[in-house]
J.: 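Have a look at this one.
When a ligand or atom number is given, it counts from 1 through the structure's own listing order. Being a predicted model, the structure only gives us computed values, none of them experimental. For the numbers below, each heavy atom of this structure counts, side chains included, while hydrogens, waters and symmetry mates do not.
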Amino acid sequence: MRILTGVQPSGKLHLGNYFSVIRKLVEYQNNVDLFCFVADMHALTTFTSAKNQTENTYDAVCDFLALGIDPDKCSFWIQSEVPEVTELTWYLSMSITVPKLELAHSYKDKVAKGITPSGGLFFYPVLMAADILAFDSDRVPVGKDQKQHLEYTRDIAERFNAQYGDTFKLPEPEIDEETAIVPGVDGAKMSKSYGNTINFFDDEKKLKKSVMGIVTDSAGVDEAKDHEKSVIYAIHSLFLDAEDKKKLQTRFSTPGTGYGDLKKALLENILDYFGPYRKERERIAADPAYVRSVMKKGSEKARATSSQILDRVRSRLGIGISRV
Ligand code: ADP
Ligand code: TRP
């Protein structure tokens, strides 16, 4: 079983990223063939400066390493350092039409938000299909917002197989219902682009500000509170087992505890949980030579697979005479 996923290095990691994807990856690397990468080419669709691009990529690598991704147990690399993926993007583009790409929700949403409708933004799903198909992935853990991109990947793979002969496995999306949509501090989906995130690697002061900013209804200290409607509960429960969830529910339903206290309890839990990871992150980030060497080895390891798959693809297409 090969599981693959990518995360864009477009800002600080938040609880939505962690609970929907990253936590699972750290578990998976012990039992399955895990491939994960930092999608820096996708991040070019929202480019600000070369300096930010490099820093964000470096930060994302440090984040993953600190959170427990172990390069000896999985393949972990930076997308742009595996050139087979961009080559495959071109080949795959013959297996999807422009009208189909025009229907992509993510493209339409981003354009509606004012992001330039560049060719790259339009082509985003094809690059993502190449990320997945270049490694014969069986399953792809993602958040719900990526569901359609996985459908595009499967369509492209099926069409390619029909056009040129059986070449690609059809990957399955893996979308966890419980954590499919982690809410942000305003109750909408937690997302960098909505400015409603809780970034667990922020310093304590900023974290406190984010947690204290969670929206609540107007129930006072002396009133019972409905945990099911509470963003504080929705976020806090991600950290808890069944027994602790029950205890927290009781705190909500028993008058005497204000939202301020419930937020403080959440903040403490976040700090406790991520404390060791925060220390580890500082240590790793201060050693660029180590980070670079891990990434160099990571891309070599990933290319051992992608280069074989690309040989297969080129031969189906009859492309590249001197390579045969
Ligand atoms: P953002 O929406 O903040 O830009 P990304 O697009 O970088 O986040 O998401 C990285 C991964 O985390 C994706 O698989 C995405 O589906 C998942 N993800 C992001 N936000 C959430 C959320 N609020 N709930 C669940 N999963 C999420
Ligand atoms: N588009 C994904 C996101 O925004 C990131 C990504 C790029 C990805 N390539 C991928 C996820 C391949 C899974 C598999 O979250």
J.: Identify the heavy atoms of Leu207 and Asn199 that sit nearest to each other, and give their distance.
T.: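 Where Leu207 meets Asn199 most closely, the heavy atoms are CD2-O, 3.6 Å.
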J.: Under 4.0 Å from ligand 2, counting heavy atoms only, is it the side chain of Gln79, its backbone, both or neither?
T.: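 For Gln79, there is no contact with ligand 2 at all, from either part.
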J.: List the closest protein heavy-atom neighbour of atom 9 (N) of ligand 2: residue, atom name, distance to the nearest 0.1 Å.
T.: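 Its nearest protein heavy-atom neighbour is Asp131 OD2, 2.7 Å.
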J.: May I ask you to identify, for Phe37, whether its side chain, its backbone, both or neither come under 4.0 Å of ligand 2 on a heavy-atom basis?
T.: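 The answer is the side chain of Phe37.
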J.: May I ask you to list the atoms of ligand 1 that are less than 4.0 angstrom from any heavy atom of Gln146?
T.: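 In order of number, 16 (O).
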J.: Out of all atoms in ligand 2, which are within 4.0 Å of some heavy atom of Thr5? Include the element for each.
T.: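 Under 4.0 Å from Thr5, ligand 2 has these atoms: 11 (C), 13 (C).
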J.: With a cut-off of under 6.0 Å to the ring centre and 45° to the axis, is Lys110 in cation-pi contact with Tyr124?
T.: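 Yes; both conditions hold, so Lys110 lies above the ring face of Tyr124.
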J.: What atoms in ligand 1 come closer than 4.0 Å to a heavy atom of Ser20?
T.: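 Near Ser20, meaning under 4.0 Å from one of its heavy atoms, ligand 1 has 12 (O), 17 (C), 18 (N), 25 (C), 26 (N), 27 (C).
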J.: Which heavy-atom pair separates Met212 from Gly260 by the least distance, and what is that distance?
T.: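 Smallest interatomic distance, heavy atoms only, reads CE-O, 4.3 Å.
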J.: I need the atoms of ligand 1 closer than 4.0 Å to a non-hydrogen atom of Val142, numbered in the order shown.
T.: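 The atoms of ligand 1 under 4.0 Å from a heavy atom of Val142 are 14 (O).
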J.: Can a donor-acceptor pair be found between the side chains of Gln53 and Asp40 at a distance below 3.5 Å?
T.: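 Short answer, no.
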J.: Has Arg281 got its NZ or CZ under 6.0 Å from the middle of the six-membered ring of Phe201, at an angle within 45 degrees of the ring axis?
T.: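 Pair Arg281/Phe201 counts as cation-pi.
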J.: Relative to the heavy atoms of Val140, which atoms of ligand 2 are at a distance of less than 4.0 Å?
T.: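 Going through ligand 2 atom by atom, the ones under 4.0 Å from Val140 are 13 (C), 14 (C).
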J.: Counting from 1, what ligand 2 atoms have a heavy atom of His42 closer than 4.0 Å?
T.: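 Selected atoms, number and element: 7 (C), 9 (N).
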J.: Just checking, any donor-acceptor pair under 3.5 angstrom between side chains of Gln163 and Ser95?
T.: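 A pair is found: one side chain offers a donor N or O, the other an acceptor, under 3.5 Å apart.
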J.: If the plane angle is over 60° it's perpendicular, under 30° parallel, otherwise tilted; pick one for Phe160 and Tyr164.
T.: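 Ring orientation of Phe160 relative to Tyr164: tilted.
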J.: Taking the side chain as everything from C-beta on, heavy atoms only, tell me whether Leu65 gets closer than 4.5 Å to Phe76.
T.: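 They are in contact (side-chain heavy atoms under 4.5 Å apart), so the answer is yes.
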J.: Under a 4.0 Å heavy-atom limit, does Val21 contact ligand 1 with its side chain, its backbone, both, or neither?
T.: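 Contact part for Val21 vs ligand 1: side chain (C-beta onward).
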J.: Pairs under 3.5 angstrom only: tabulate donor-acceptor contacts from the side chains of residues 282-290 to other protein residues two or more places apart or in another chain.
T.:
{"unit_1": "Arg283", "atom_1": "NE", "unit_2": "Glu280", "atom_2": "OE1", "d": "3.2"}
{"unit_1": "Arg283", "atom_1": "NH2", "unit_2": "Glu280", "atom_2": "OE2", "d": "2.9"}
{"unit_1": "Asp287", "atom_1": "OD1", "unit_2": "Tyr290", "atom_2": "N", "d": "3.3"}

J.: Which of the listed options, Thr46, Leu13, Asp145, holds the heavy atom that is closest to atom 6 (O) of ligand 1?
T.: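 Nearest option to atom 6 (O) of ligand 1, by heavy atoms: Asp145.
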J.: Have a look at Ile198 and tell me which of Lys209, Lys206, Lys12, Met190 forms a side-chain contact (heavy atoms from CB on, under 4.5 Å) with it.
T.: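 Output: one option passes, namely Met190.
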J.: Using heavy atoms and a threshold below 4.0 Å, how should the contact between Val142 and ligand 2 be classified: side chain, backbone, both, or neither?
T.: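 Val142 to ligand 2: side-chain contact only, backbone stays beyond 4.0 Å.
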J.: Taking only heavy atoms of Met190 into account, list the atoms of ligand 1 that are under 4.0 Å away from them.
T.: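 Ligand 1 atoms under the 4.0 Å threshold to Met190: 20 (N), 21 (C), 22 (C), 23 (N).
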J.: When you look for heavy atoms under 4.0 Å from ligand 2, do you find them on the side chain of Ile132, its backbone, both, or neither?
T.: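 Only the side chain of Ile132 comes within reach of ligand 2.
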J.: Write out the residue and atom name of the closest protein heavy atom to atom 4 (O) of ligand 2, then the distance separating them to 0.1 Å.
T.: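 Result: Tyr124 OH, 3.2 Å.
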